[in-house]
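Just so you know, ligand 1 is whichever comes first in the structure, and atom 1 is the first atom listed for that ligand. Nothing fancy with the numbering, it's 1 onward along the sequence.
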Amino acid sequence: MKEKFVLEYSEQVVNEPIIYTLVKRFDVMVNILRAEISPGREGSMLVEIESDPERLAAAEAYLAERSVRLIPIAQSLGFRQDDCINCGACTAVCFSGCLTIGAPDWTLQVDRSKCIACGLCVPACPLGLFTLRFGA
Ligand code: SF4
Ligand code: SF4
């Protein structure tokens with residue numbers, strides 16, 4: 001299975017070879033899509049991980065031990081749906097198909113499984129209803 005995650009690093013482990021260890025010790029494939037990490041500071045990374053559930057669970061346990069948070073991409077997108085006025089502005093910038101609007105009711109539909117954490121919806125919403133843990 002292949003899934004996207006946000007890795008959040010504490011400043012204590014930002015210099016450790018976390019990705020190398022995941023690949024070498026736990027035999028999971030890690031594709032780094034984006035990274036914002038500075039030596040001596042907290043950082044975050046958007047990654048795609050290919051593994052089976054057992055190896056992923058072992059890798060997760062290792063990351064937890066090293067104080068690295070592994071957040072499924074669907075959980076990294078915050079959205080205040082109750083305040084949405086269904087203007088559709090966010091759907092114009094969301095090319096992943098996560099945000100759609102259309103007939104018959106013209107209300108915004110959010111399919112978090114399609115989110116790629118690009119962050120474009122954050123500035124696009126006039127009401128500031130989106131937040132993202134990474135990239136915005
Ligand atoms: S972060 Fe990108 S992919 Fe995710 S909902 Fe916003 S615009 Fe769509
Ligand atoms: S841009 Fe904001 S208010 Fe407009 S449909 Fe998207 S979430 Fe709702």
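- In this structure, the side chains of Glu16 and Val68 stay at 4.5 Å or more apart for every pair of heavy atoms.
- In this structure, the side chains of Ser76 and Leu132 come closer than 4.5 Å at one or more pairs of heavy atoms.
- Applying the 4.0 Å criterion to heavy atoms of Pro126 picks out, from ligand 2, the atoms 1 (S).
- Aromatic ring orientation, Phe79 versus Phe130: parallel (interplanar angle below 30°, classes split at 30° and 60°).
- Take atom 8 (Fe) of ligand 1 and draw a sphere of radius 2.8 Å; the protein N/O/S atoms inside it number 1.
- Nearest protein heavy-atom neighbour of atom 4 (Fe) of ligand 2: Cys87 SG, 2.3 Å.
- For atom 2 (Fe) of ligand 2, the closest non-hydrogen atom of the protein is Cys125 SG, 2.4 Å.
- The backbone N or O of Ile101 sits nowhere less than 3.5 Å from a side-chain atom of Thr91 that would complete a donor-acceptor pair.
- Atoms of ligand 2 lying under 4.0 Å from at least one heavy atom of Phe130, given by number and element, are 7 (S).
- In this structure, atom 8 (Fe) of ligand 2 lies nearest to the protein heavy atom Cys84 SG, 2.3 Å.
- Considering only heavy atoms from C-beta on, Glu8 comes within 4.5 Å of Ile71 through its side chain.
- A donor-acceptor pair under 3.5 Å links the side-chain atoms of Arg55 to the main chain of Asp27, judged by distance alone.
- Considering only heavy atoms from C-beta on, Asp111 stays 4.5 Å or farther from Leu99 through its side chain.
- Counting heavy atoms closer than 4.0 Å to ligand 2, residue Asn86 contributes backbone atoms (N, CA, C, O) but none from C-beta onward.
- Taking atom 1 (S) of ligand 1 as the reference point, the nearest protein heavy-atom neighbour is Gly119 N, 3.3 Å.
- Proximity of Leu77 to Cys121: side-chain heavy atoms (C-beta onward) are separated by under 4.5 Å at one or more points.
- Between the side chain of Gln109 and the main chain of Thr107, a donor-acceptor pair closer than 3.5 Å is present.
- A pairwise comparison of heavy atoms in Asp83 and Leu127 identifies O-CD1, 3.5 Å as the closest pair.
- With a heavy-atom cut-off of 4.0 Å, Ile85 touches ligand 2 through backbone and side chain alike.
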